[in-house]
Amino acid sequence: MDVGSAPGSRPSSRPSSRPSSRPPSRPASRPVSPTPINSADSDDIIPTAIVIKNIPFSVKKDALLSKLSSLGVPEAFAFNYHFDNGIFRGLAFANYRTPEETEEVVNTINGLEIGGRTLRVEYKKVLTETELMNKKKERESSQPNSPLLNERKLPTIPANTATTNTPDEGMHYAFE
């Protein structure tokens, strides 16, 4: 504990949880750009694939594509919304033809506000073998089994125990 600090107070070297009166170093509407594709860990990313996060759930795929088109960014050759058990989760994946097209899209839409939410754009990461196996196991365990595999069998009554009641015999018991 620091010699000059009051009992129960935090040391001066720890960051305060109180908001600072200093202006931020960058505007809040434009977050820090994702890791550039020429960084040391560029082997861990796919330079032509991105993940768009924090998409408002109410924004349909066509509406987002229309907005991207109006911004003049290159058109993705593959663009898919991510659904989990049929529910949109605010993620989209896009693939472009060149790293330059991808970088232009990232720089244009990262930090863009749509429907009250700020989009976050990242380069898609290459999954390790372990991550691929875990995703496969997760996918298999979350999908319901085939109805053919879980088909319920109706009970069968052996032929020698079946009764041969006429319809009238059974009816009078029901009305007693």
Stepwise side-chain contact (heavy atoms from CB on, under 4.5 Å) check, F79 with L65: CA-CA 9 Å; F79 188 92; L65 287 171; 3.6 Å; yes
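- For the atom pair CD of E100 and OG1 of T48, the computed distance is 10.5 Å after rounding to the nearest 0.5 Å.
- In this structure, CG in N54 is found 10.0 Å from CD in E113, a value given to the nearest 0.5 Å.
- To the nearest 0.5 Å, atoms CG (L91) and CD (E122) are separated by 9.5 Å.
- From T118, atom OG1 reaches atom NZ of K53 across 14.5 Å, with rounding to the nearest 0.5 Å.
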I55 and I114: side-chain contact (heavy atoms from CB on, under 4.5 Å), yes or no, with the steps? CA-CA 7 Å; I55 302 168; I114 294 183; over 6 Å; no
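- Linking Ile, Leu, Val, Met, Phe, Trp and Tyr whenever their side-chain heavy atoms come within less than 4.5 Å leaves L127 and I45 in two separate clusters.
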Could you walk me through whether V51 and V121 pass side-chain contact (heavy atoms from CB on, under 4.5 Å), step by step? CA-CA 6 Å; V51 180; V121 184; over 6 Å; no
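- Considering all non-hydrogen atoms of both residues, L112 and L71 come closest at CD2-CD1, 3.6 Å.
- Here CD1 of I46 is found 11.5 Å from NZ of K125. Values are rounded to the nearest 0.5 Å.
- Not counting sequence neighbours, the partners of F88 by the ring-ring contact (aromatic ring centres under 6.0 Å, His included) test are Y81, F83.
- Residue I109 is not grouped with residue F93 when hydrophobic side chains (ILVMFWY) are merged at heavy-atom distances under 4.5 angstrom, including chains of intermediate members.
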Show your working on side-chain contact (heavy atoms from CB on, under 4.5 Å) between F77 and E101 and close with a plain yes or no. CA-CA 11 Å; F77 73 84; E101 282 183 349; over 6 Å; no
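- No more than 12 heavy atoms of other residues, nucleotides or ligands sit less than 6.0 Å from atom CD of E75.
- Counting heavy-atom neighbours within 6.0 Å of K61 NZ, excluding the residue itself, gives a total above 12.
- Two residues are said to be in side-chain contact when any heavy atoms from C-beta on lie closer than 4.5 Å; V106 and T108 fail this criterion.
- Atom CG in L68 sits 7.5 Å away from atom OG in S70 (nearest 0.5 Å).
- The two residues E103 and Y123 come nearest to each other via the heavy atoms CA-OH, 3.4 Å.
- Looking at every heavy atom in both residues, V105 comes nearest to P74 through CG2-CD, 3.7 Å.
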